[in-house]
Amino acid sequence: MKSDQQCLFVSVQAEPIRVVVTGAAGQIAYSLLYGIAKGDVFGKEQPIILVLLDIPPMLPVLDGVVMELQDCALPLLREVIPTDKVEVGFKDIDAAILVGSMPRKEGMERKDLLKANVAIFKTQGAALDKYAKKTVKVLVVGNPANTNCLIASKSAPSIPKENFSCLTRLDHNRASSQVAMRCDVGSDKVKNVIIWGNHSSTQYPDVHHAKVDVHGAEMGAYEAVKDEAWLRGDFISTVQQRGAAVIKARKLSSAMSAAKAICDHMRDIWFGTREGEFISMGVYAGGNPYGIPEDLIYSFPVEIQNKTWKMVEGLPINDFSRAKMDATAAELVEERDTALDFLSQ
């Protein structure tokens, strides 16, 4: 009985952390907030103050989300703060999940989309720089996620670049799941798939270094799947186009799976990756060992310890992979250059 009481005592004493979610009235946030508030991300003994940031027209909707969070009666959730002001939203924040962005509207040019998002992420980066803790971990989800993340980081010079990442875990989870289904095993039996590059249809899902546990025997993905044509063809295009396929079917973009990937990503930052396993994250490419241009946010395989990520080095890259890694990098360079033009205006 004593240990239970001690455990309870510890959880009561822990200082709450402040977590902000932007685009908090949207559908990804609706799937995400419950998981955060009940302890799936930051731990079962970590109290949370949840800050919900959105644009002024969404405030009435946010009030409804606040009511629902209150009605969940979650013991870790100490306070919920809805706001449309960045100075409130980013004050003393420990973790920022930037879901809100300008979605692409019909007939919109890609550069118009970039211009609108540069304005949003410049503002949010500057607010993080001014109001958040310097140790804040920032995850950018809103698309174009890699370039939005780069703009936010450049607009927050006092926060280390390494503290910014963008979400490619959804693509990573999609790739793992496709391989698992093909091998007729659980998704937990597949590890070390890699998403290289941009969170777009040029991303490169790579299983050359992945391992599959088939009935207790661990083997390479190519050996487990036994279908090179599929792995180099339909597998890649399925993962690349999965978001569009979900929109076509649901008439809405991925929300449940995106929220799950956000939880996975942030939990791994907080608690680290398992020994011998790596995951995919869009991170700052400076100093990377794979010949990717430096000043980009690019998805790499990373291992995480003590809330710090480290790129997995020394993976052999064949010609097939090299071409795909370079193609997605080229798209990111073009996006970056367009965005930086807008940033300097």
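Just so it is clear, the model here is predicted, and its values are computed rather than measured.
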Main-chain N/O of Val99 paired with Thr22 side-chain donor or acceptor, under 3.5 Å: yes
Pair Asp268 + Arg169: basic N to acidic O under 4.0 Å: yes
Pair Thr328, Asn198: side-chain N/O donor-acceptor within cut-off below 3.5 Å: no
Arg232 NZ/CZ over Phe320 ring centroid, <6.0 Å and within 45° of normal: yes
Check: Ser344 side chain, Leu340 main-chain N or O, donor-acceptor pair, under 3.5 Å: yes
Working for side chain to side chain contact (heavy atoms under 4.5 Å, CB included), residues Ile28 and Ile262: CA-CA 10 Å; Ile28 290 177; Ile262 292 165; 3.8 Å; yes
Inter-residue atom distance Thr123.OG1 - Ile151.CD1, 0.5 Å rounding: 11.5 Å
Main-chain N/O of Ile195 paired with Ser299 side-chain donor or acceptor, under 3.5 Å: yes
Euclidean distance, Ser201 OG relative to Gln203 CD, rounded to 0.5 Å: 8.0 Å
CE (Met256) with more than 12 external heavy atoms under 6.0 Å: no
Main-chain N/O of Asn306 paired with Thr308 side-chain donor or acceptor, under 3.5 Å: yes
Pairwise side-chain contact, Ile97 with Ile36, heavy-atom cut-off 4.5 Å (strictly under): yes
Check: Glu15 main-chain N/O paired with Gln46 side-chain donor or acceptor under 3.5 Å: yes
Val20: which of Val51, Val88, Ile81 passes side-chain contact (heavy atoms from CB on, under 4.5 Å): Val51
Minimum side-chain heavy-atom gap Ser257-Asn173 below 4.5 Å: no
Worked verdict on Trp309 versus Phe300 for side chain to side chain contact (heavy atoms under 4.5 Å, CB included): CA-CA 11 Å; Trp309 57 263; Phe300 290 97; over 6 Å; no
Reported NZ-to-CD distance for the pair Lys211 and Glu277, which is rounded to 0.5 angstrom: 12.0 Å
Residue Glu334 excluded, over 12 heavy atoms near CD under 6.0 Å: no
Between Gln178 and Thr238: side-chain donor-acceptor atoms closer than 3.5 Å: no
Any side-chain heavy-atom pair of Leu315 and Ile194 under 4.5 Å: yes
Ring geometry between Phe235 and Trp230 (parallel below 30°, tilted from 30 to 60°, perpendicular above 60°): tilted
Criterion side chain to side chain contact (heavy atoms under 4.5 Å, CB included) on Val283 and Asn288, from CA distance to verdict: CA-CA 10 Å; Val283 295; Asn288 78 85; over 6 Å; no
Atom CG of Asn318 with >12 non-hydrogen neighbours under 6.0 angstrom: yes
Expected output: side-chain Ser153 to main-chain Lys161 donor-acceptor under 3.5 Å: no
Within 6.0 Å of CZ in Phe342, more than 12 heavy atoms from elsewhere: yes
Residues, nucleotides or ligands: over 12 heavy atoms within 6.0 Å of Glu275 CD: no
Electrostatic pair Asp171-Arg174, nearest N-O below 4.0 angstrom: yes
CD (Glu109) with more than 12 external heavy atoms under 6.0 Å: no
Donor-acceptor contact below 3.5 Å, side chain Asn163 vs main chain Val136: yes
Flag if over 12 foreign heavy atoms under 6.0 Å of CZ, Arg250: yes
Under 3.5 Å: donor-acceptor pair, side chain of His209, backbone of Pro316: yes
Heavy-atom side-chain contact between Asn146 and Leu296 under 4.5 Å: no
Donor-acceptor pair between Tyr284 and Asp295 side chains, under 3.5 angstrom: yes
Ion pair Asp264/Arg267, N-O distance below 4.0 Å: yes
Residues Val312, Val302; criterion side chain to side chain contact (heavy atoms under 4.5 Å, CB included); working and verdict: CA-CA 5 Å; Val312 178; Val302 300; 5.6 Å; no
Residues Arg182, Asp227; criterion salt bridge (charged side-chain N to carboxylate O under 4.0 Å, His left out); working and verdict: CA-CA 10 Å; Arg182 194 77 177 189; Asp227 188 343; 2.9 Å; yes
From Phe42 atom CZ to Ile269 atom CD1, the distance as rounded to the nearest 0.5 Å: 8.5 Å
Non-hydrogen side-chain atoms of Val246 and Ser253 separated by less than 4.5 Å: no
Side chain Glu87, main chain Ala127, donor-acceptor under 3.5 Å: no
From CG (Leu52) to CG (Asp63), nearest 0.5 Å: 10.0 Å
Expected output: side-chain Asp94 to main-chain Ile17 donor-acceptor under 3.5 Å: no
Over 12 foreign heavy atoms within 6.0 Å of OH, Tyr30: no
Test item: Met102 and Leu113 side chains (from C-beta on) under 4.5 Å apart, heavy atoms: yes
Inter-residue atom distance Phe90.CZ - Asp129.CG, 0.5 Å rounding: 12.0 Å
